[in-house]
Amino acid sequence: GSVKDRMIGFVLERASAAGEITADSILCEATSGNTGIALSAAAAAMGAECVIFMPSNMSEERKQMMRVFGANIIEAPPDDFDEAIRMRNAFVAHHSDAWSPMQFSNPANIECHKQTTALEILKQVNSLGLQWSAFVHGSGTGGTIEGIRQFCVENLPRTKVVMTVPAESPHGIQGIGDGRDFLANPDD
């Protein structure tokens with residue numbers, strides 16, 4: 001039920017159509033949790049193996065959800081997303097059958113939310129007879145907020161897009177403000 005389900009479905013559909021993945025592929029990703037849960041569920045539905053790389057201090061509930069879907073979790077040091085990403089990259093480099101959505105750098109992450117999530121929100125706002133005036137969101141990978149920002153710039157220039165950033169550091173809100181905005185353009 002998270003926005004990560006949309007992104008995973010979007011990139012997996014493209015990768016499958018391009019022949020980049022099969023049921024024999026090992027799906028893997030670095031994550032704080034929601035993308036890992038979505039990828040684990042998709043891998044289980046495909047009958048594929050799934051390996052998740054994540055900082056060790058992410059919630060046990062997130063880890064349990066991924067394990068329920070059969071994912072193998074490999075932990076990086078606490079709060080170290082750069083190390084989780086490095087570990088994922090090393091895994092992909094050493095396993096020819098490994099495939100990753102590369103959520104922190106894949107422009108399809110942005111495109112997904114520009115083409116799907118933004119339209120879902122617009123449709124819901126319109127169904128209420130309202131105008132979409134603002135979108136407030138945190139940034140983990142930055143794909144969601146950047147995709148919606150691009151959609152609004154092109155189609156709804158009066159809609160204000162605001163990136164929230166926790167005031168405290170460390171803040172304990174998993175999945176946002178993980179040190180970088182990656183795909184988001186916080187200056188626009």
Side-chain angles (χ1 to χ4, degrees), residues 1-18 20-21 27-39 41-42 53-55 58 62 79-82 84-86 88-89 92 99-188:
S2 82
V3 292
K4 301 300 185 170
D5 294 337
R6 291 161 178 80
M7 185 272 295
I8 289 297
F10 189 86
V11 297
L12 280 175
E13 185 177 304
R14 286 181 168 199
S16 292
E20 296 172 11
I21 59 173
L27 306 186
C28 62
E29 185 56 289
T31 181
S32 66
N34 286 334
T35 299
I37 293 167
L39 187 64
F53 301 90
M54 65 190 308
M58 297 298 102
R62 290 172 178 224
D79 295 315
D80 196 343
F81 282 92
D82 288 335
I85 292 167
R86 188 204 64 73
R88 179 214 49 207
N89 291 347
V92 170
W99 179 88
S100 176
M102 307 297 274
Q103 69 167 334
F104 295 97
S105 60
N106 189 344
N109 186 345
I110 296 168
E111 196 61 31
C112 167
H113 298 295
K114 184 177 176 181
Q115 290 182 20
T116 64
T117 311
L119 291 173
E120 287 179 41
I121 294 169
L122 180 60
K123 183 178 177 181
Q124 290 174 17
V125 170
N126 288 345
S127 74
L128 297 171
L130 301 172
Q131 290 186 13
W132 187 2
S133 58
F135 179 75
V136 180
H137 197 275
S139 178
T141 66
T144 304
I145 196 164
E146 183 62 21
I148 290 174
R149 185 194 69 77
Q150 288 181 16
F151 176 86
C152 290
V153 165
E154 293 171 15
N155 301 287
L156 303 167
R158 297 173 112 181
T159 302
K160 186 167 178 84
V161 177
V162 179
M163 182 188 299
T164 61
V165 179
E168 303 86 16
S169 183
H171 53 73
I173 304 169
Q174 295 180 12
I176 70 166
D178 298 325
R180 288 186 278 167
D181 298 317
F182 295 100
L183 296 168
N185 186 349
D187 298 327
D188 284 343

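Numbers here simply count residues along the sequence, with the first being 1. In this text, all values refer to a predicted model and were calculated from it rather than measured experimentally.
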In Å, rounded to the nearest 0.5 Å, how long is the span from [atom1] of [X] to [atom2] of [Y]?
X      : Y      : atom1 : atom2 : answer
Asp5   : Thr117 : CG    : OG1   : 10.5 Å
Ser32  : Met54  : OG    : CE    : 6.5 Å
Ile110 : Phe151 : CD1   : CZ    : 15.5 Å
Asn126 : Leu119 : CG    : CG    : 10.5 Å
Asn109 : Thr35  : CG    : OG1   : 7.0 Å
Leu122 : Leu156 : CG    : CG    : 5.5 Å

Testing the basics here: between [X] and [Y], what is the closest heavy-atom pair and its distance to 0.1 Å?
X      : Y      : value
Arg62  : Ile37  : O-CG1, 4.0 Å
Phe81  : Met58  : CZ-SD, 4.1 Å
Thr159 : Ala134 : CG2-N, 3.9 Å
His113 : Ile148 : O-CG1, 4.1 Å
Ala15  : Trp99  : CB-CZ2, 3.5 Å
Pro55  : Ala84  : CD-CB, 4.2 Å

**Prompt:** Which class fits the ring pair Phe135 and Trp132: parallel under 30°, tilted 30 to 60°, perpendicular over 60°?
**Reply:** perpendicular
**Asked** Is the shortest heavy-atom distance from the side chain of Lys4 to the side chain of Glu29 under 4.5 Å?
**Response** no
**Item:** Leu27 side chain reached by Leu12 side chain, heavy atoms, under 4.5 Å
**Value:**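 Of all side-chain heavy-atom pairs linking Leu27 with Leu12, at least one is under 4.5 Å.
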**Item:** Donor-acceptor under 3.5 Å (Asn106 side chain, Met102 main chain)
**Value:** no
**Message:** Between Arg6 and Cys112 (side chain of the first, backbone of the second, donor and acceptor by atom type, cut-off under 3.5 Å), is there such a pair?
**Reply:** no
**Prompt:** Does a side chain donor of either Gln103 or Thr141 reach within less than 3.5 Å of an acceptor in the other side chain?
**Reply:**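 No pair is found: no donor N or O on one side chain lies under 3.5 Å from an acceptor on the other.
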**Request:** Would you indicate whether Glu20, at its atom CD, is surrounded by more than 12 heavy atoms from other residues, nucleotides or ligands within a distance under 6.0 Å?
**Result:** yes
**Prompt:** Can we say Glu120 and Lys123 salt-bridge, meaning some charged N sits less than 4.0 Å from an Asp/Glu carboxylate O?
**Reply:** no
